[in-house]
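A quick write-up on the structure given underneath.
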There are 2 protein chains.
Amino acid sequence: MATREQIVAAADRLFYHHGYEHTSFADIAGAVGLSRGNFYYHFKSKDAILDAVIEARLDNTRQMLEQWESEAPTPAGRVMRYVEIVLTNRADIQDYGCPVGTLTTELAKLEHAMLGQAGRLFTLFRGWLREQFVLLGQAAQADELAMHVLAFSQGVAVMANAFRDEAFIRREVDRMREWLSTYEK
Amino acid sequence: MATREQIVAAADRLFYHHGYEHTSFADIAGAVGLSRGNFYYHFKSKDAILDAVIEARLDNTRQMLEQWESEAPTPAGRVMRYVEIVLTNRADIQDYGCPVGTLTTELAKLEHAMLGQAGRLFTLFRGWLREQFVLLGQAAQADELAMHVLAFSQGVAVMANAFRDEAFIRREVDRMREWLSTYEK
DNA sequence: GTCTATATACCGATAGAC
DNA sequence: GTCTATCGGTATATAGAC
């Protein structure tokens, strides 16, 4: 793998696990096995790395959504794929929360210029979920339902991180499955 | 107001607005009008200030819960008081998220020793909500319902912070009001 | 493309005068 | 109880050898 890609992958993981501000160039360099100095050949600032990390996450998310569309035949099944992320990624979420939600929360507090870029991650999921609800015949309220599903995932992620309670996550997913079944064709 | 209390009040606000790690001693000292050096007469470390901030938040929360109990006659009305925080504190939540959720999220990523202390804030709300559901005759699942209400507030807070959409908040509060009415005696 | 060495600034924390 | 001065550490970022 190219050095630049290794840097982005390491920064992605460290930003998620320890936060953007708390992660230093030395941390990323150490994870990749590079010296600090050589860093600026690949990225001219810490903001530039964050930008690359967000773009990489957008690409990975687009791929994941495409995969869900090919794997889950019905719109309701696709929405459930999203809902079940909190179980699929349970271990990471309990330790570090939602990668999208926690990044957005942190950048908002830092009044960081890249906050808008990070918001595109939420918007990507929002638009995809909205499409699924349109396909479910809920065009009039598709965006509102998409926002509700997003809020669900964020609420569960924050609580799972705070209390590390797997049974809670399973109950909330079951609750969402039941709620979603009322919209199923 | 005593200098110590001024420090705690300033640190409380700055930790909420800009995060714990991003807030420096110089920031707090500047807000209070003190020199950095004099700081250590009142608090021997930054952790000690965080501890005092958490204790102050616990005290304020207990007072708020007592007030809700005196103002709202029914358990369902009290739970709705909690649910409606996202509207009552809408402006702050859109700018900075939930003070409890965002602090817990940040301390988890920092692997900070005070994470357990911050968790007491969530536990305080959780126990109080559980009591209300017991009074509603839902003793068997009171804790699960309490956790659901907490997850609601955290989900709405993260989304409100990310999208700054007041209509979304109002819709979600209405949704919770309807859900809660099914448990009302 | 990778390295060492370094510049500059800020961090939490301390010492000591008043 | 408040101040100034300062320590040691680390941060982002740069310069220049190889």
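A note on names: the letters A, B, ... follow the listed sequences, proteins ahead of strands, and every chain is numbered from 1.
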Of all the nucleotides listed ([options]), which has the minimum atom distance to the side chain of [X]?
X: B:Leu34; options: D:dA13, D:dT2, C:dC3; result: D:dT2
X: B:Ala26; options: C:dC11, C:dT2, D:dT4; result: C:dC11
X: B:Asn38; options: D:dT2, D:dA13, C:dA13; result: D:dT2
X: B:Lys46; options: C:dG12, C:dT2, D:dT4; result: C:dG12

**Study point:** Aromatic B:Tyr20 / basic B:Lys46 pairing, under 6.0 angstrom, 45° off normal
**Key:**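 Checked: cation-pi criterion met.
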
Within this structure, what is the [atom1]-to-[atom2] distance between [X] and [N], rounded to whole angstrom?
X: A:Leu110; N: D:dT12; atom1: CG; atom2: C1'; value: 15 Å
X: B:Phe43; N: C:dT14; atom1: CZ; atom2: C1'; value: 18 Å
X: B:Arg36; N: D:dC7; atom1: CZ; atom2: P; value: 15 Å
X: A:Tyr20; N: D:dT12; atom1: OH; atom2: C1'; value: 10 Å
X: A:Tyr41; N: D:dC18; atom1: OH; atom2: C1'; value: 15 Å
X: B:Tyr40; N: D:dT2; atom1: OH; atom2: C1'; value: 15 Å
X: A:Phe39; N: D:dA11; atom1: CZ; atom2: P; value: 13 Å
X: A:Ile28; N: D:dT12; atom1: CD1; atom2: C1'; value: 11 Å

Point to revise | side-chain N/O B:His42 vs D:dT2 OP1/OP2, d < 4.0 Å | key: yes

Check your understanding: Quick one: is C:dT2 close enough that its OP1 or OP2 comes under 4.0 Å of any side-chain N or O from A:Thr3?
Key ->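 Checking C:dT2 against A:Thr3, a side-chain N or O does come within under 4.0 Å of OP1 or OP2.
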
Exercise for review: Would you indicate what A:Phe25 reaches in the nucleic acid, counting non-hydrogen atoms under 4.0 angstrom: base, sugar-phosphate, or nothing?
Suggested key: sugar-phosphate

Exercise for review: For A:Ser24, report the nucleic acid contact type (base, sugar-phosphate, nothing); a contact means any heavy atom under 4.0 Å.
Suggested key: sugar-phosphate

Check your understanding: Parallel, tilted or perpendicular: which describes the rings of B:Phe122 and A:Phe163, with under 30° parallel and over 60° perpendicular?
Key -> tilted

Check ion pair [X]-[Y] (N to O, under 4.0 angstrom):
X: B:Arg170; Y: B:Glu166; answer: yes
X: A:Asp59; Y: A:Arg62; answer: yes
X: A:Glu178; Y: A:Arg175; answer: no

Point to revise | Of A:Gly37 and B:Gly33, the one whose closest DNA chain D nucleotide lies more 5' | key: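 Whichever sits nearer the 5' end wins; that is B:Gly33.
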
